[in-house]
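In what follows, chains are A, B, ... by sequence order, proteins preceding strands, each numbered from 1.
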2 protein chains.
Amino acid sequence: MIELAILGILKEADLHGYELKKHLRKVLGPLSNVSFGSLYPALNRLERQGAVTAVVADDAGPSTMPMTGSLTGEAAAFRSRLRATRGPRNKKVYGITRIGERRLVELLSDPTDDERSFGMKLAFFRWCDRPTRLRLLERRRATLLERLDETRRALTAREGDDPYVQALMEHDTESTMSDIAWLGRLIAREQAGDDRTREPTGGHP
Amino acid sequence: MIELAILGILKEADLHGYELKKHLRKVLGPLSNVSFGSLYPALNRLERQGAVTAVVADDAGPSTMPMTGSLTGEAAAFRSRLRATRGPRNKKVYGITRIGERRLVELLSDPTDDERSFGMKLAFFRWCDRPTRLRLLERRRATLLERLDETRRALTAREGDDPYVQALMEHDTESTMSDIAWLGRLIAREQAGDDRTREPTGGHP
DNA sequence: GCTCCGATATATCGGGCCGATAGGTTCTGT
DNA sequence: ACAGAACCTATCGGCCCGATATATCGGAGC
């Protein structure tokens, strides 16, 4: 799921790992403090898949060596040339490829529905179309309703149980109800929404 | 952290893995659906540490072959004897040892403070004393206050940003405030509490 | 009696994510 | 000039999860 977040950020701008982490923190905020121990392996995975490309910035200022977006054999050669120029301080700037953009859309429509995954998808909702958004929102709501039901049944079944467990479950019930109401507002906004959406596919003007 | 939950459950009754999972689901409910892929390795870990002991129930009724609590070489021999009696349907019933009880208290006072860990500790608050409880509750509150602050700053800094990210952060702010208030109530209850607490240390009457 | 089936029961494997750690570079204050 | 802070990439061990394998048990239906 971290791959979704990386691609979502890289679709806005080319960045290197360290910057990426900061951006992720800003956007996802409390929803997962992505650690380097996840970030770098994920970037390698994405590079292997061809979803991102890396070049090394020369540090001659902010001229990030423009990338044409998709890579040819030339880019690979370029990369290995610079890999020879070993010696840290060559920041590896990552850019998203067309494959990566396709992958991003694919990951966005994945229905996995835990707190984390849902939050991540929501954070990058701008990259998918309204039907997908509605599907995800409604699915999430259904999941929470189910959970609410289950917790409530467990709550009524055992009265006079451990007070801490009880407190935990009552609070969970309240939180879940609040979340469901929130989702309801988001769904309504989505259905009534004016169509000020960015193009879901194919950025790169 | 799953070890905490296992020990917390086993302190109430001797159980085998499958039952354990069901109990965990009841007590922790929505807070982590412990999977077998975590449960069995964790049980092995705990067994290696001497925190739990396993015997095999003969299925001749509820006579669970009483365990003396801590194990000698005899227990190991017993175990391997039964391991030779291969053919599943010999349920491995686990029981907590004195070492396990010490470990439980130790895990309970660990200050790790993410959603998961805090929730698990709260679910087993009955096994620790009031000072520890208050320490954990207040630490959690402090963490959430910090997070609230951070999210709020991020929220005011960037107006007119992506509406979905904005929605995410606003909702997080609300949820966090709600959680803080809830913690406040728990703290108050704890401070005013009549002393109807079970003995924190040394079960085994 | 027989078979099929769902629940009970234990266990492992690959892979993702995290915290800790390590090692190097550039910037900044003094 | 120097120390310390921030920047930057990377790996390692360990936990946790979902998928999968395997085997038994109790009952429903024929």
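The side chain of R45(A) approaches dG16(C) more closely than any other nucleotide in the set dC18(C), dC15(D), dG16(C). In the set dC8(D), dA10(D), dC17(C), dC8(D) carries the atom at the smallest distance from any side-chain atom of K91(A). The side chain of Y40(B) has dA11(C) as its nearest neighbour among dA11(C), dT11(D), dC17(D). With dT12(C), dT10(C), dC17(C) as the candidates, the nucleotide lying closest to the side chain of P41(B) is dT12(C). The listed nucleotides are dA9(C), dC18(C), dC16(D); the one nearest the side chain of R116(B) is dC16(D).
Atoms CD1 (I2(B)) and P (dC18(C)) sit 18 Å apart, rounded to a whole Å. Regarding I6(A), its CD1 atom lies at a distance of 12 Å from the P atom of dG16(C), rounded to whole Å. Counting to the nearest Å, the C1' atom of dC16(D) and the CG atom of L39(B) are 12 Å from each other. At whole-Å resolution of the value, CG in L43(A) and P in dC8(D) are 14 Å apart. Atom-to-atom, CG of L107(A) to C1' of dG16(C) comes out at 14 Å; the value is rounded to the nearest Å. Counting to the nearest Å, the C1' atom of dT24(D) and the NE2 atom of H16(B) are 13 Å from each other. The CD atom of E3(A) sits 13 Å away from the P atom of dG15(C) (whole-angstrom rounding). Atoms OH (Y94(A)) and P (dC8(D)) sit 14 Å apart, rounded to a whole Å.
By the side chain to side chain donor-acceptor pair (under 3.5 Å) test, H16(A) pairs with E19(A), sequence neighbours left out. Looking at residues two or more places apart in sequence or on another chain, you find a side chain to side chain contact (heavy atoms under 4.5 Å, CB included) between H171(A) and S175(A), S178(B), D179(B), W182(B). Applying the salt bridge (Lys or Arg N to Asp or Glu O under 4.0 Å) test to E115(A) and every residue at least two apart in sequence or in another chain returns R140(A). The salt bridge (Lys or Arg N to Asp or Glu O under 4.0 Å) check on R141(B) picks up nothing, with sequence neighbours excluded. Residues passing the side chain to side chain contact (heavy atoms under 4.5 Å, CB included) test with T132(B) are S109(B), C128(B), D129(B), R135(B), L136(B), sequence neighbours excluded. With sequence neighbours excluded, the residues forming a side chain to side chain contact (heavy atoms under 4.5 Å, CB included) with R102(A) are I99(A), listed by chain and number. Scanning for salt bridge (Lys or Arg N to Asp or Glu O under 4.0 Å) contacts around R25(A) gives E150(B), with sequence neighbours left out.
Relative ring orientation between F36(B) and Y18(B) is described as parallel, the plane-to-plane angle staying below 30° on a 0-90° scale split at 30° and 60°.
Each end of the helix from dG1(C)-dC30(D) to dT30(C)-dA1(D) gets its own rotation axis from five pairs of C1' atoms, and the angle between them is 30° to the nearest 10 degrees.
In terms of phosphate contacts, S38(A) brings no side-chain nitrogen or oxygen within less than 4.0 Å of OP1 or OP2 of dG16(C).
Counting non-hydrogen atoms of neighbouring residues, nucleotides and ligands closer than 6.0 angstrom, the CD atom of Q49(B) exceeds 12 such neighbours.
Residues from residues 17-36 of chain A that place a heavy atom under 4.0 Å from any atom of DNA chain C, listed by number: S35(A).
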